[in-house]
Amino acid sequence: MNYDFREIEAKWQKYWAENETFKTSNDSEKPKFYALSMFPYPSGAGLHVGHPLGYIATDIYSRYKRHKGFNVLHPMGYDSFGLPAEQYAIQTGQHPAITTENNINRYREQLDQLGFSFDWSREVRTSNPQYYKWTQWIFIQLFNAWYNKKSDKAESIDSLISIFEKEGNSNVEAACDDDTPSFDAAIWNGYSDKEKQEILLKYRLTYLADTEVNWCPALGTVLANDEIVNGVSERGGHPVIRKKMTQWSMRITAYAQRLLDGLDKIDWPQPLKDSQTNWIGRSVGASVTFNVLDAERSRSDQDGISGDDVTSSAVEKPYEDVISTPLNHPYQIEVFTTRPDTIFGVSFMTLAPEHELVAKITTPEQKAEVDAYVEATAKRSERDRMADVKTISGVFTGAYAEHPFTKEPIPIWIGDYVLASYGTGAVMAVPCGDQRDYDFAKHYNIPIPNIFEGVDISEEAFADKETTVIANSDFLNGLPYKKAMKKIIAELERIGHGKGKVNYRLRDAVFSRQRYWGEPFPVYYVDGMPQMIDVEHLPLELPEVEKYLPTETGEPPLGNATEWAWDTKNNKVVSNDLVTLSAVEGSDKGDEMLNQVQHDGIYPLELNTMPGWAGSSQYFNRYMDPRNDDAIFSPEAINYWQDVDLYIGGSEHATGHLLYSRFWQKFMFDMGYVPKDEFAKKLINQGMITGTSAFVYRWTKKYNGNAVFISKGIIEKAVKEKGFLYDYSSVLDKMFSDLKSKDGGRKIAETSWKHFDAIHADVSLVNASDELDVEAFKKWQPEYKDAEFILEDGKYIVGREIEKMSKSKYNVVNPDAICEEYGADSLRLYEMFLGPLEQSKPWNTAGITGVHSFLKKLWKLYAPYTNWSLSEAEAEPTAENLKTLHKTIKKVEEDIENFSFNTSVSTFMICVNELTAQKCTSKAILEPLAILVSPYAPHIAEELWSRLGHSESIAEAPFPTFEEKYLVESSKEYPISFNGKMRFKLELPLDMGKDEIEAAVLAHEKTKEQLQGREPKKVIVVPGKIVNIVG
RNA sequence: GCCUUGGUGGCGGAAUUGGUAGACGCGCUGGAUUCAAAAUCCAGUGUCUUCGGACGUGUGGGUUCGAUUCCCACCCAAGGUACCA
């Protein structure tokens, strides 16, 4: 009987489902192994062949680990909140839950036909209330926690309150807002309840803050950076403004250092670690405060400090800095620098154009120029400003700062190379030590003082810390970098102008989204202060709304809900109308009056929803105990499974999902909920599968009103030979003649590619030889049904190009059609065979015939057991058989451990070719071979296994053990090289010594032939490897 | 600009620690089988060649008996990006 993959695959998929073959228990004597693929967002387009790549790899590893005796957790679920379903809802009115459900069903169908060993009983969906109940739960835990820098971990907010009650916050070292005031116990205890809540919000790990967002009034929504092009919205081209909005934030910055340190403990790809490291952006240096000289004095000179014209009330002073600010300076500029040792080289300062001081310090003379520059900068995106290194631009503000040591005036400029979002948005510019400052100074003729000993800075800045010796710097003269750093920081602290500081680029993560299809916050507001809903009343389910757009007043979509108020007496969602606002209607007193409102215990609920990453930041732990309604997971479950052993997914999640997940895991660890502070031991990024687009070439001329397509080879030849098109085809020659009368003559111009439009043809219309199915193409594009096709050798050959898979390029390949034609096992093998897992590689369906015929050969090899017409042929394995088998075991095992799945497929092919040639029918060979193949091609392996006489699934059959003894050789075919080039081969016994080998080789006639009488200068003999003769 | 990854036949790719470059597969060529096609099987397939051999892993150097592999400089492509002070 033939290899009937359709029947076999359907049979075993059914078997696995019915027998729950891959259902995993939370207690087992076996060692655990947790293999995880990043769960997908179920989009409407379904899976294309790129998606399953990582899933197949994880599945192979999971199945392998089962054969190796592990209790394997291999779950799958859906990241099912997201924008596309919401967009679809806005357009059609269909509830996102329905769209999502449909998409999930389609995904499930597609996944099922690929034969994955998922434990589907553990499926999670982030949009399912039973799931997001626990997302809300974590949010509440974060709200009720603060970060204690002394213990370097998160702690319950209650511990903070008791400290405040006893001693205020002067001894507290916490991650908190910049504007947190200091208070003692008496002040704290005197605060009203609302004031206390306000203070506590500044400490909580999730907190409310005014954050700038890109607000698009026309769309009534907030836009992401990449939704804005040239200052207007990508969709519709509406203006976008920066607007402050009160939003939830996550205090991830508290964990910056631990997120950095943790990278050393985990086996993740270095590029991914690098991008997290860069994202966190730790730099060590100092913060330095420069006083801004008032206009009067900076113009006249800088004689001492005497001013009494400025009152202290005008001082804008950051609360946390213990800098003794001279009261007579109205403004300070705080900068962060990694090179405080170069402070005597400062010759100007640069502020980001957005810096809040710009408007305050600019002199009237410079105002027009500065305003114009600020306005011009506002139109440029941050991306744009970053990418453009060549253009140097900036404007002098007219103001001067005072050097903290020399008291010299320093001109203050603004420049768009300084970004407001990094550090303090201000730079102390040291042109001799920083190339950007250097270029800026050169461009604007600002002096470049040299403060380095023995260094020429006439051409470029000098930034090598290691060889730095400071000069022209008062008390720093003669010091190397490290010593100078120490000294200058001490001095800055002594004079109250700065301190050593570690700066992180990482910013707190905004956690509010003005969307409908996301997790609702378990939050209601009493007098404007957020209150958490008690955990026992979760989940707080998404309300129904009439439409999914923002409200007319600009509130998020949940503002459309009529039932969206929290009844604190009955603990349930009730109608908004029940929120009683006595006596405030029409009041112009605002907040003050609101405080006096009588609510009857019914309060408005939060209108924002959580962002996409909320649901994915702990899902890996939820899989351990997904149906638990009393806890996110039981202690037993988390203690058994601990963490993810292998996590496979795309590198695009490097600084999103993978950073936030690590943050939440560390928080969960601090609170004692999880035993590991890193959730995934090993991570692998699978590469992207690109498409191989096909192009047809349409001549820019028409013939009888129809398009003319010319085969690629004809054009190529004509272009290469600089010839005329009509010389390369008799049909074209005739066309040119016909066109002559109408056209007034042949255009005598050499053929060039610009005479043709390359048009995407659907890749399914092209075969492995790049030949287009012309008739099918005409049907596919009816506008070309009468088009002419100029063929070469009777074929139309298309052009090929590697591009990203996309609908518009007609190069998307769907797994369904491939499964139908070749089967899931072929698809699985082929996806792996394409190349290394981590690399991106092009898809070309044509090549699948290779692995498919391998499976047919494999099936044939088992003919004594599959073809009942033959009598069962049980034979003792030959030495050759065993050698083939064991070298395969060795290689496949190594490959799986190294995630080198592509080479395993080759190894299987070689193995089957060899065993076929050996006419092997031995069960002792074919049984272990079935197990070896089973992780890769599980359906055929199960079928062969059962035909070999087993009644149990192959899934847990022990992996064959490699035995060296079958590979021992007695002789080796030595490659004999001359000057490193292999010239001939010589078979010699492996136990032959170095000298004997040398003698044997030198005596060989081919050696003499090669040497042509020359005397060998040297003979290198590496026994068992190679012989190399130099001469 | 910076960071990361990569560059080997017509194509995807292989090559364990520096030791036979191009495994395996696709495609191509020729043959067998067939009324024919599909499928299958066999042989060949890096380039050049005076048929002896010579050259050949992005380019140019270097280390070595020997380099796809190690070092230096550069070029190109893809992805990322926050001019990080």
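In what follows, chains are A, B, ... by sequence order, proteins preceding strands, each numbered from 1. For clarity, every value in this text was computed on a predicted model and none was experimentally measured. FYI, side chains are in, hydrogens and waters are out, and symmetry mates aren't considered; it's all heavy atoms of this structure.
Classified by its glycosidic torsion, rG61(B) falls in the anti category, the angle being over 90° from 0. Nucleotide rG7(B) is shown with an anti base, its glycosidic torsion being more than 90° from 0.
For the C1' atoms, the distance from rG25(B) to rU45(B) is 14 Å, rounded to whole Å. If you take atom C1' in rA23(B) and the same atom in rA77(B), they sit 27 Å apart, rounded to whole Å. For the P atom pair drawn from rA21(B) and rG66(B), the interatomic distance equals 14 Å after rounding to whole Å. Across the C1' atoms, rA32(B) and rA37(B) are found 16 Å apart, a figure rounded to whole Å. Separating the C1' atom of rG58(B) from that of rG53(B) is a span of 27 Å, rounded to the nearest Å. Between the C1' atoms of rG27(B) and rC35(B), the separation comes to 29 Å (whole Å). Taking the P atoms as reference points, rG9(B) lies 13 Å from rA14(B), given to the whole Å. For the C1' atoms, the distance from rU33(B) to rA38(B) is 13 Å, rounded to whole Å.
Comparing rG13(B), rG25(B), rG19(B) against the side chain of I1026(A) picks out rG19(B) as the nearest. Listed nucleotides rC3(B), rC24(B), rG19(B) differ in distance to V1022(A); the shortest reach to its side chain belongs to rG19(B). Comparing rG13(B), rC84(B), rG27(B) against the side chain of T849(A) picks out rG27(B) as the nearest. Across rC24(B), rG19(B), rG13(B), the shortest atom-to-atom separation from the side chain of S906(A) is found for rC24(B). The listed nucleotides are rA85(B), rG19(B), rG12(B); the one nearest the side chain of N1028(A) is rG19(B). Nearest to the side-chain atoms of K856(A) among the listed nucleotides rA85(B), rU40(B), rG12(B) stands rU40(B). Nearest nucleotide to the side chain of P271(A), out of rU4(B), rG19(B), rA21(B): rU4(B).
Other residues, nucleotides and ligands contribute more than 12 heavy atoms inside 6.0 Å of the NZ atom of K273(A).
Residue N913(A) is in sugar-phosphate contact alone, with no base atom involved, counting any heavy-atom pair closer than 4.0 Å across all strands shown. No contact: R282(A) has no heavy atom under 4.0 Å from any strand. Here V1030(A) lies in heavy-atom contact (under 4.0 Å) with sugar-phosphate atoms only. Across all strands shown, D434(A) has no heavy atoms under 4.0 Å from either base or sugar-phosphate atoms. Within 4.0 Å (heavy atoms only), K273(A) reaches no atom of the nucleic acid at all. In this structure, S853(A) reaches the sugar-phosphate backbone alone: every heavy-atom distance under 4.0 Å involves primed, P, OP1 or OP2 atoms, never a base. Among the protein residues, N902(A) comes within range of the sugar-phosphate backbone only, with heavy atoms under 4.0 Å from sugar or phosphate atoms but none that close to a base. Within 4.0 Å (heavy atoms only), T903(A) reaches sugar-phosphate atoms of the nucleic acid but no base atom.
For rC84(B), neither phosphate oxygen OP1 nor OP2 lies less than 4.0 angstrom from any side-chain nitrogen or oxygen of R507(A). Of the side-chain N and O atoms in S283(A), one or more sit less than 4.0 angstrom from OP1 or OP2 of rA85(B). The side chain of K985(A) contributes no N or O atom lying less than 4.0 Å from OP1 or OP2 of rU20(B). Close to rU4(B), at under 4.0 Å from its OP1 or OP2, lies no side-chain N or O of N685(A). In this model, the phosphate group of rG66(B) is not approached by any side-chain N or O of K981(A) to a distance below 4.0 Å at OP1 or OP2. At rA85(B), none of the side-chain N or O atoms of R505(A) fall inside 4.0 Å of OP1 or OP2 (strictly under the cut-off).
For F348(A) and Y444(A), the distance between ring centers is not under 6.0 angstrom. Checked against the 6.0 Å centroid threshold, F290(A) and H497(A) do not count as a close aromatic pair. H852(A) has its ring centre no less than 6.0 Å from the ring centre of Y830(A). For Y822(A) and F5(A), the ring centers are positioned 6.0 Å apart or more.
Residues V763(A) and W843(A) fail the side-chain proximity criterion, which asks for heavy atoms closer than 4.5 Å. Proximity of V851(A) to M909(A): side-chain heavy atoms (C-beta onward) are separated by under 4.5 Å at one or more points.
Within the 3.5 Å criterion, the main-chain N or O of P842(A) finds no donor-acceptor partner in the side chain of T692(A). Remark: the backbone N or O of I252(A) is paired with a side-chain donor or acceptor of D508(A) at under 3.5 angstrom. Under the 3.5 Å distance criterion, the side-chain polar atoms of N685(A) are left unmatched by any main-chain donor or acceptor of L272(A). Checking side-chain atoms of K841(A) against main-chain N and O of P836(A) turns up a donor-acceptor pair under 3.5 Å.
The interatomic distance linking I797(A) (CD1) with rG27(B) (P) rounds to 14 Å, in whole Å. In this structure, the CG atom of N2(A) is 18 Å from the P atom of rA38(B), given to the nearest Å. Per the geometry, CG belonging to L53(A) stands 14 Å off C1' belonging to rG12(B), to the nearest Å. In this structure, the CG atom of D895(A) is 13 Å from the C1' atom of rA23(B), given to the nearest Å. The distance from atom CD1 of I280(A) to atom P of rC3(B) is 19 Å, rounded to the nearest whole Å. Whole-Å rounding puts the Y830(A) OH to rC11(B) C1' distance at 10 Å. Atom CZ of F833(A) is separated from atom C1' of rC24(B) by 5 Å (rounded to the nearest Å). The interatomic distance linking D770(A) (CG) with rG12(B) (P) rounds to 12 Å, in whole Å.
Judged by closest nucleotide on RNA chain B, K890(A) is the one of K890(A) and K804(A) placed further toward the 5' end. RNA chain B is contacted by both S840(A) and Q276(A); S840(A) maps to the nucleotide lying nearer its 5′ end (nearest heavy atom per residue).
A salt bridge links K887(A) with E914(A): the distance from a Lys NZ or Arg NE/NH1/NH2 to an Asp or Glu carboxylate oxygen falls below 4.0 Å.
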Are any protein N/O atoms closer than 3.5 Å to N/O atoms in nucleotides 60-63 of chain B? If there are, list each pair with its distance.
none

Determine which bases of RNA chain B form Watson-Crick or G-U wobble pairs with both distances under 3.5 Å, and write the result as a 5' to 3' dot-bracket string with | for other-strand partners. (((((((..(((......[....)))((((((.......))))))(((....)))..(((((..]....))))))))))))....

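T1007(A) pairs in a side chain to side chain contact (heavy atoms under 4.5 Å, CB included) with only one of the listed residues (V1001(A), L986(A), V1019(A), V1027(A)), which is V1001(A).
Between the side chains of S900(A) and T903(A), at least one donor-acceptor pair of N or O atoms lies under 3.5 Å.
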